[in-house]
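All figures in this text were calculated on a predicted structure; none of them were measured in a lab.
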Amino acid sequence: MDIGRLIEENQGIFLDIGCGANKQEGFIGMDMRDLPGVDIVHDVEEFPWPLPDDCARLAMASHLVEHINPHKGVFIHFMNEVWRVMKTGGQFAISTPHGSSQGYIQDPTHCNPCNEATWDYFCPERDSGLWSIYRPRPWRVHQLTAHPAGNMEVVLIKLSEVIEK
């Protein structure tokens, strides 16, 4: 698969990050395991990813972020790397078990519990002021649905720059 050609012909790609063997149709799949449908075999905790800047119009991570190491800023680096490969205005859709849910707690490989406030750390527009603690690359929280006993879904939009309040 010629990813460069796909980027050029489609003015960007759709990226399924941590797709496993369940890559979404029409997406480029990236996973650390060489499984059927995986187009890019790469550990998403290794930076930089083998993708050019500003190449993705849409990215998704379904039940992946809860596995990203939060220690020593790895999760923030992961989010910054998604930001790097996204086009400005592109959307990043995340689905994850709520950090307080049984689905999160039961899996021994989950290490990064997220809740509704987690995304404020990545959004300088939120009133909480949490973004200013680490000042990662900026996102806008476009949509957030959370069920503390179940899953959380968030859609982030890549901002081109920080809008200071």
query = So if you build clusters from Ile, Leu, Val, Met, Phe, Trp, Tyr with side-chain heavy-atom gaps below 4.5 Å, do V155 and W139 land together?
reply = no
key: Distance, nearest 0.5 Å, that separates CD of E25 from CZ of F14   = 12.0 Å
inquiry  = On a heavy-atom basis, which atom in N112 and which in P70 lie closest, and how many Å separate them?
reply    = OD1-CB, 3.6 Å
query = Do V82 and V141 belong to the same hydrophobic cluster, where Ile, Leu, Val, Met, Phe, Trp and Tyr are linked whenever their side-chain heavy atoms lie under 4.5 Å apart, directly or via other members?
reply = yes
ask   = Are C19 and Q24 close enough that some pair of their side-chain heavy atoms sits under 4.5 Å apart?
value = no
Backbone of A59 reached by a side-chain donor or acceptor of Q91 within 3.5 Å = no
query = If you take all heavy atoms of S100 and I105, which pair is closest and at what distance?
reply = O-CD1, 4.0 Å
query = Rounded to the nearest 0.5 Å, how far does NE2 of H42 lie from CD of E46?
reply = 6.0 Å
inquiry  = Test your reading of the model: is there a side-chain donor-acceptor pair from D31 to the backbone of G20, 3.5 Å cut-off?
reply    = yes
key: Which atom of P136 lies closest to which atom of W131, heavy atoms considered   = O-NE1, 3.0 Å
Under-4.0 Å salt bridge between D53 and R84 = yes
task = Would you tell me whether T96 and E66 have side-chain atoms, one donor and one acceptor, within less than 3.5 Å of each other?
result = yes
inquiry  = Side chains of P124 and L159, heavy atoms from C-beta outward: is any pair under 4.5 Å?
reply    = yes
request  = Decide if atom CD of Q11 counts as having more than 12 heavy atoms of other residues, nucleotides or ligands within a radius under 6.0 Å.
outcome  = no
inquiry  = Are I17 and F78 packed together at the side-chain level, in the sense that at least one heavy-atom pair is separated by less than 4.5 angstrom?
reply    = yes
message = Under the criterion ring pair (Phe, Tyr, Trp, His ring centres under 6.0 Å), I'd like the reasoning laid out for F75 against Y121: C-alpha separation, chi angles, the key distance, then a yes or no.
response = CA-CA 11 Å; F75 180 55; Y121 286 90; 9.8 Å; no
ask   = Are the side chain of K158 and the backbone of G89 linked by a donor-acceptor contact shorter than 3.5 Å?
value = no
ask   = Can you hop from F27 to V41 via hydrophobic side chains spaced under 4.5 Å?
value = no
Minimum heavy-atom distance between L15 and M30, given as atom pair plus value = CD1-CB, 4.3 Å
Cluster link V38 to L64, ILVMFWY, side chain under 4.5 Å = no
query = NE2 of H147 to OG of S101: how many Å apart, nearest 0.5 Å?
reply = 11.5 Å
query = Is the centre of the H67 ring less than 6.0 Å from the centre of the H110 ring?
reply = yes
key: Rounded distance (nearest 0.5 Å) linking atom CZ of R137 with atom CD of E81   = 12.0 Å
message = Nearest 0.5 Å, please: how far is CD1 in I40 from CD1 in I28?
response = 6.5 Å
query = Is it the case that one hydrophobic cluster holds both F47 and I68, taking links as side-chain heavy atoms less than 4.5 Å apart, direct or via other members?
reply = yes
query = Between the side chains of H98 and E116, is a donor N or O closer than 3.5 angstrom to an acceptor N or O?
reply = yes
inquiry  = Regarding D43 and R33, does a basic nitrogen lie under 4.0 Å from an acidic carboxylate oxygen?
reply    = no
remark   = Minimal heavy-atom distance between F92 and M79, with the atoms involved, is CE2-SD, 3.9 Å
query = With distance as the sole test, does W83 use its side chain to make a donor-acceptor pair with the main-chain N or O of T88 at under 3.5 Å?
reply = no
query = Passes side-chain contact (heavy atoms from CB on, under 4.5 Å), V85 versus D54? Steps please.
reply = CA-CA 5 Å; V85 302; D54 306 311; over 6 Å; no
CG on N115 to CE on M152, rounded to 0.5 Å = 6.0 Å
request  = Would you check if N151 and H63 make a side-chain contact, meaning some heavy-atom pair closer than 4.5 Å?
outcome  = yes
ask   = Does some side-chain heavy atom of F122 sit less than 4.5 Å from a side-chain heavy atom of I76?
value = yes
ask   = Just by distance, do the side chain of K23 and the backbone of G37 share a donor-acceptor pair under 3.5 Å?
value = yes
key: Closest non-hydrogen atom pair between W119 and V154, with its separation   = CE2-CG1, 3.8 Å
